[in-house]
2 protein chains.
Amino acid sequence: MPMNPSAAQLRIDDQRLWQSLMDLAAIGATPKGGVCRIALTPEDQQGRDLVVQWFQQAGLSVRVDEVGNVFGRRAGTDPQARAVATGSHIDTQPTGGKFDGNYGVMAGLEVVRTLNAHGIQTRAPIEVAFWTNEEGTRFTPVMMGSGAFAGVFGAKDMHLQQDGAGISVGEALQRIGYLGDVACGAVPGGAFAAYFEAHIEQGPVLEAYDKPIGIVSGALGQQWYDVTVTGMDAHAGPTPMELRHDALLAAVRMVEAVNRIALDEAPHGRGTVGHVQVLPNSRNVIPGQVKFTVDFRNLSQAGLDRMDAAMRQQFAALAAQCQCTVEMAQVVKFEPCVFAPDCVASVRQAATQLGYAHMEVVSGAGHDAVYVNQVAPTAMIFVPCKDGISHNEIEDAQPAHLAAGCNVLLHAMLARAGVA
Amino acid sequence: MPMNPSAAQLRIDDQRLWQSLMDLAAIGATPKGGVCRIALTPEDQQGRDLVVQWFQQAGLSVRVDEVGNVFGRRAGTDPQARAVATGSHIDTQPTGGKFDGNYGVMAGLEVVRTLNAHGIQTRAPIEVAFWTNEEGTRFTPVMMGSGAFAGVFGAKDMHLQQDGAGISVGEALQRIGYLGDVACGAVPGGAFAAYFEAHIEQGPVLEAYDKPIGIVSGALGQQWYDVTVTGMDAHAGPTPMELRHDALLAAVRMVEAVNRIALDEAPHGRGTVGHVQVLPNSRNVIPGQVKFTVDFRNLSQAGLDRMDAAMRQQFAALAAQCQCTVEMAQVVKFEPCVFAPDCVASVRQAATQLGYAHMEVVSGAGHDAVYVNQVAPTAMIFVPCKDGISHNEIEDAQPAHLAAGCNVLLHAMLARAGVA
């Protein structure tokens, strides 16, 4: 379905997009320039109300589902066509930034506003969504709304999830007025024909390679572990090197192994030890126990399986080498995600036609799009963020990059929805 | 000066020694079988009063110096002879054991009781001392009393040292009745002719080699450092391995280097990282900063200098390798100590004559004897402790080993003091 010439020339309004981001960021703004708008709090309610108001002003018909996911729909000309959708989340980390999630929602709104401004009708309906509680800061699990939409979590189960103060999700949704009646996963006219999510990269790759657009082909699977190394604590002075059971020495060799195992799975393997606890953690006592975490990521399950096996074999050997013992427990698992090739192709084609420098990347982090991909063909568009920093009040992004990503979103969606 | 035949047959009373240790351990006894008798507390006062009472019952004349060091003197037959002394400390760690320090004082008392029981007169006077605040738990510095005796610390300066509640050493000494008037370092008749200190090993060497007696030839010097490695924290998922500034990866390589540097200085080199703090210490965040400690020990200053230089060179290279920076600050220094060869020889000779299996060892930890060695010829006698464990309520030692060490002390002292 070739676009008509005028549609191909269509560009979003950079300034309007930026202003929407700044206006939304004013709600829950922190003194350091970040945003604190934790899921289902009064600040989240204020943010939701503003976005819903903008949706309505843009002519979208709004529906809210059982877990508070919000969808704004712009009708198409073909009553049989399934919607082409976009979205992200507007909840933030406690010391979050202005762009994580918010960008994807404002970009979707900007696509609609652009179509409105130019009087463009699409064959298929267009939808813009924002998903409840992507960050998982107050309520677990993370990506609650998109997970419930995809049927990974039951809506009723989610209602029972409680925060630290014992307030349930169901109660919190009711308090802020977003306990909707649409069944999770139900979409008028049937499942989304396609779903695109624009997002800041939250990593350093696009900036390092100087590309404004990342074509996201998939998301890394994750396997997280808790590891405990046990030796014997002893005085640093009276205990000769050869008589030690130094749990830290074993642990540092394991950290080195985690790094090596990830490098062996280049380019997509990642291995991180982020948390370390040393016992008794006293300057002149040889550590008797060290607890640490392992975060393995890879683009294939086979790759994750290789990392798991290498870790178990090497950790056991390293513990024995230091006369220690080791226990490993897997505590989290996310399957690797491969986005829909035809959606990825639409993103690539849009970036190419728009003349933006681009590269194929994978998402190292989880996103709502990973769950939506289970029920609709999905792809993501990444734009650079400054120094790769996110989940931080200093999170920043360039207006030109945000506009480029939004133009790619516009044209990828138009390609799928068709200009009437 | 050969001993007369009856003196050569002299043996201490194993049971009396053990009973004294148990009686003293009852003061400040903890539910887990340890002792909490922190320096200059009411418990320390009770312990001191009991030991002074025992000293007096054994006929010793007691004097107390300006920092609360207590000396019990048994006169010799030669009014010109300088005293042959022994001792240790009776203060403990908050969760200390029954033997650390206490053994050396009770062994000295048992030597006197044995001489008394057999009517043995010595040519030189015999002294038994207990030194104030060896542990340094409540007041710093550690080994305060012996350090002041040796002139390393001024008595007036020590009086001003305060605990966490703002109580000074001078005030605390007065409260418990041990602010003496003898000048620090003054000994009737002149400086000690020799000083011997019996102590549990607080390490695993004697047990590992199955020797009841350690002939202690010296004590390791110590240099302690605070190290800070700075990289950049970033999300574990979106940050590829090659774009990381992983402060933990740099730090674990430094821990490995500390271990290697110590092994290169075998048999006396020791290198320990006991304390580690990772920031932000979150499971899925690449650590941006790691702070850790280094404890280097060696028997020579040249050896410590080599360790220092190797550390500085290797840490800088390892930081650069991981695109991090490193700062190192030396925070503590104790000079290496070589005990007096003639005193060490007296200990060796006594152990040999008594038929005890023995080996030469060095002390990895500090002891009062290290300071006393600066003002009098000194040596130490080690006996094994169970699993090398000390500074712990489960600290334990075998009565037979404690008796053996005490017999070695008796005969080493008799050899120096001479039987009249």
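Throughout, a chain's letter reflects where its sequence line sits, starting with A, and its residues are numbered from 1.
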*Give the minimum heavy-atom separation between B:Pro238 and A:Val205, together with the two atoms involved.*
O-CG2, 4.3 Å
*Select one option (side chain, backbone, both, neither) describing which atoms of A:Val278 are under 4.5 Å from chain B's heavy atoms.*
side chain
*Pick from B:Gly364, B:Gly237, B:Ala208: which one has the most heavy-atom pairs with chain A under 4.5 Å?*
B:Gly237
*Among B:Pro287, B:Gly269, B:Ala266, who wins on heavy-atom pairs under 4.5 Å with chain A?*
B:Pro287
*Which one, A:Pro240, A:Pro280, A:Pro267, A:Gly271, leads in non-hydrogen pairs under 4.5 Å with chain B?*
A:Pro240
*Count the heavy-atom pairs under 4.5 Å between each of A:Val276, A:Ile389, A:Leu263 and chain B, then report the option with the highest count.*
A:Val276
*Who wins among A:Val332, A:Val255, A:Val362, A:Val361 for the most heavy-atom pairs under 4.5 Å with chain B?*
A:Val255
_Best-contacting candidate, A:Gly274, A:Ala251, A:Gly203, against chain B by heavy atom pairs under 4.5 angstrom_ = A:Gly274
Report the donor-acceptor contacts between chain A and chain B below 3.5 Å as a table, one pair per row.
| unit_1 | atom_1 | unit_2 | atom_2 | d |
| --- | --- | --- | --- | --- |
| A:Tyr225 | O | B:Arg283 | NH1 | 3.4 |
| A:Asp226 | OD1 | B:Arg283 | NH1 | 3.1 |
| A:Asp226 | OD1 | B:Arg283 | NH2 | 2.8 |
| A:Gly237 | O | B:Arg270 | NH1 | 2.3 |
| A:Arg244 | NH1 | B:Gly271 | O | 3.1 |
| A:Arg244 | NH1 | B:Thr272 | OG1 | 2.8 |
| A:Arg244 | NH2 | B:Thr272 | OG1 | 3.2 |
| A:Arg253 | NE | B:Glu256 | OE1 | 2.8 |
| A:Arg253 | NE | B:Glu256 | OE2 | 3.4 |
| A:Arg253 | NH2 | B:Glu256 | OE2 | 2.8 |
| A:Glu256 | OE1 | B:Arg253 | NE | 2.8 |
| A:Glu256 | OE2 | B:Arg253 | NE | 3.3 |
| A:Glu256 | OE2 | B:Arg253 | NH2 | 2.7 |
| A:Arg270 | NH1 | B:Gly237 | O | 2.3 |
| A:Gly271 | O | B:Arg244 | NH1 | 3.2 |
| A:Thr272 | OG1 | B:Arg244 | NH1 | 2.8 |
| A:Thr272 | OG1 | B:Arg244 | NH2 | 3.2 |
| A:Gly274 | O | B:Ser282 | N | 3.4 |
| A:His275 | ND1 | B:Asn281 | O | 2.9 |
| A:His275 | ND1 | B:Asn281 | ND2 | 3.4 |
| A:Val276 | N | B:Asn281 | OD1 | 2.8 |
| A:Val276 | O | B:Asn281 | ND2 | 3.3 |
| A:Asn281 | O | B:His275 | ND1 | 2.9 |
| A:Asn281 | OD1 | B:Val276 | N | 2.8 |
| A:Asn281 | ND2 | B:His275 | ND1 | 3.4 |
| A:Asn281 | ND2 | B:Val276 | O | 3.3 |
| A:Ser282 | N | B:Gly274 | O | 3.4 |
| A:Arg283 | NH1 | B:Tyr225 | O | 3.4 |
| A:Arg283 | NH1 | B:Asp226 | OD1 | 3.1 |
| A:Arg283 | NH2 | B:Asp226 | OD1 | 2.8 |

*For B:Leu220, is it the side chain, the backbone, both or neither that has a heavy atom under 4.5 Å from a heavy atom of chain A?*
side chain
*Under 4.5 Å heavy-atom distance to chain A, tell me which part of B:Ala234 shows up: side chain, backbone, both or neither.*
neither
